[in-house]
Amino acid sequence: MAPNKLVLLDIDGTLLIGAGSGRMATELAMREVFGTSGKLADYTFGGKTDFYTLVELLSPEGFTEAQIAETLPHYSTVLVGHMSNIIGNYEIHALPGALELVDALAAHPDVLLGLITGNVLPMAELKLRTVGIDPARFAIAAYGTEARIRRELVPLVLVRAEQRSGSHFAPRDVIFVGDTVDDIDCAHSIGGHIFAVATGNTPRAVLEQHPPVTVLDNLSDIQTLLSLMFSEGS
């Protein structure tokens, strides 16, 4: 039987905490590829694609969006190389309930499970494997090199979901789980459901200012979360 629910998970701040490793790898990769990391020290990553991050940091340094886009494949390779070298120096860990939620959703017969992340593909896979999540659990994904603005990833992942499952997912059947206002915006862009978890850098009070949204302290109460998903997403 074809799945009738599409569940799309974010990575950083939702499934895991990178403990500063991503920022360091980004600095090393930017300096190697572009010769500068701009004002990275003061930059806030949450909810942004890696493409958007580079545009924001490098535009003041004289790089055009076209130049950055052309360099993305090489940058992605360099980035994950640096991350592989330094990741053992950081206490990267899965957030409460994350492993159990992925297992439950991946095994659910009504669910097509996917990722929608600002990470480049190899970085996403490396982070997931590091905390014990098999990237193969996710049937589809959209990554941070594929669009500049996060909500622009949504149409891409919907097309992939339909191609993979043979099913069309109406907005009421699409469920997002993330930790930022940008994740909420992705859900709102199509009228989907959003579960915002306050385990990232966005305070619960800020997440609650963007209704409709269901805000959770964390993902630890799996049974309640699944019940909410399938009642609100039905």
Side-chain angles (χ1 to χ4, degrees), residues 9-95 98 115-135 138 141-154 156-157 178-183 185-186 199-203 206:
L9 303 181
D10 170 54
I11 295 179
D12 295 289
T14 302
L15 296 178
L16 59 86
I17 291 292
S21 57
R23 184 180 295 273
M24 177 55 69
T26 298
E27 179 173 358
L28 294 170
M30 288 183 69
R31 290 190 180 279
E32 179 176 336
V33 175
F34 300 102
T36 177
S37 60
K39 296 183 178 180
L40 177 63
D42 302 319
Y43 189 74
T44 300
F45 286 93
K48 298 169 183 173
T49 68
D50 280 1
F51 186 9
Y52 188 78
T53 292
L54 292 177
V55 171
E56 282 203 305
L57 291 173
L58 293 173
S59 292
E61 307 296 321
F63 290 88
T64 67
E65 185 172 323
Q67 288 174 318
I68 295 166
E70 185 178 356
T71 311
L72 277 175
H74 174 57
Y75 172 79
S76 298
T77 300
V78 173
L79 177 66
V80 77
H82 282 297
M83 186 67 161
S84 298
N85 290 335
I86 68 170
I87 200 166
N89 300 328
Y90 293 83
E91 295 184 4
I92 298 175
H93 60 275
L95 284 161
L115 288 172
I116 184 163
T117 174
N119 285 281
V120 303
L121 188 158
M123 181 72 104
E125 293 187 342
L126 176 59
K127 287 179 178 179
L128 291 170
R129 289 195 182 98
T130 298
V131 302
I133 299 174
D134 183 357
F138 303 94
Y143 298 98
T145 52
E146 298 186 284
R148 188 170 62 87
I149 306 298
R150 193 181 188 93
R151 66 157 49 197
E152 294 172 353
L153 294 174
V154 177
L156 299 178
V157 80
D179 68 298
T180 70
V181 172
D182 291 275
D183 294 302
D185 179 62
C186 284
T199 45
N201 293 320
T202 306
V206 173

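Just so you know, these numbers come straight off a predicted model, no measurement behind them.
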* Asked: Counting only heavy atoms not in Asn201, do more than 12 sit closer than 6.0 Å to its CG atom?
  -> no
* Counting heavy atoms not belonging to Glu61, are there more than 12 under 6.0 Å from its CD? -> yes
Side chains of [X] and [Y], heavy atoms from C-beta outward: is any pair under 4.5 Å?
X      : Y      : value
Met24  : Met83  : no
Val206 : Pro203 : yes
Pro135 : Arg129 : yes
His93  : Leu16  : no
Ile68  : Phe63  : yes
Leu115 : Leu128 : yes

* To do: Return yes if a side-chain donor-acceptor contact under 3.5 Å exists between Asp179 and Thr14, otherwise no.
  => yes
* For Asp50 and Thr53, test the side chains for any donor-to-acceptor distance below 3.5 angstrom and give the result as yes or no. => no
* For Leu15 and Leu95, run side-chain contact (heavy atoms from CB on, under 4.5 Å): C-alpha distance rounded to whole Å, both residues' side-chain angles, the deciding distance at 0.1 Å, then the answer. => CA-CA 5 Å; Leu15 296 178; Leu95 284 161; over 6 Å; no
Under-4.0 Å salt bridge between [X] and [Y]:
X      : Y      : result
Arg150 : Asp182 : no
Arg31  : Glu27  : yes
Asp12  : Lys48  : no

[X] to [Y] - nearest heavy-atom pair and separation:
X      : Y      : value
Val157 : Ala142 : CB-CB, 4.1 Å
Gly38  : Thr36  : N-OG1, 3.0 Å
Ala69  : Phe51  : CB-CZ, 3.8 Å
Arg148 : Tyr52  : O-CB, 2.9 Å
Ala147 : Glu152 : CB-CB, 3.6 Å
Thr145 : Leu72  : O-CD1, 3.9 Å

So, taking the atom named [atom1] in [X] and the one named [atom2] in [Y], what distance separates them when rounded to the nearest 0.5 Å?
X      : Y      : atom1 : atom2 : answer
Ile116 : Cys186 : CD1   : SG    : 4.5 Å
Thr26  : Leu54  : OG1   : CG    : 8.0 Å
Tyr143 : Leu156 : OH    : CG    : 12.5 Å
Ile11  : Thr117 : CD1   : OG1   : 4.0 Å
Asn85  : Ser21  : CG    : OG    : 12.5 Å
Met123 : Leu121 : CE    : CG    : 12.0 Å

If we ignore hydrogens and angles and just use 3.5 Å, is the side chain of [X] paired with the main-chain N or O of [Y] as donor and acceptor?
X      : Y      : result
Asp42  : Lys39  : no
Glu125 : Pro122 : no
Gln67  : Thr64  : yes
Thr199 : Gly13  : yes

* Passes side-chain contact (heavy atoms from CB on, under 4.5 Å), Leu126 versus Ser84? Steps please. -> CA-CA 8 Å; Leu126 176 59; Ser84 298; 3.6 Å; yes
* Should the pair Phe34 and Tyr75 be assigned to parallel (<30°), tilted (30 to 60°) or perpendicular (>60°) ring geometry? -> tilted
* To do: Evaluate side-chain contact (heavy atoms from CB on, under 4.5 Å) for Val131 paired with Ile92, printing each intermediate quantity in order.
  => CA-CA 7 Å; Val131 302; Ile92 298 175; 3.6 Å; yes
* To do: Would you please test Leu9 and Phe138 for side-chain contact (heavy atoms from CB on, under 4.5 Å) and show each step?
  => CA-CA 9 Å; Leu9 303 181; Phe138 303 94; 3.9 Å; yes
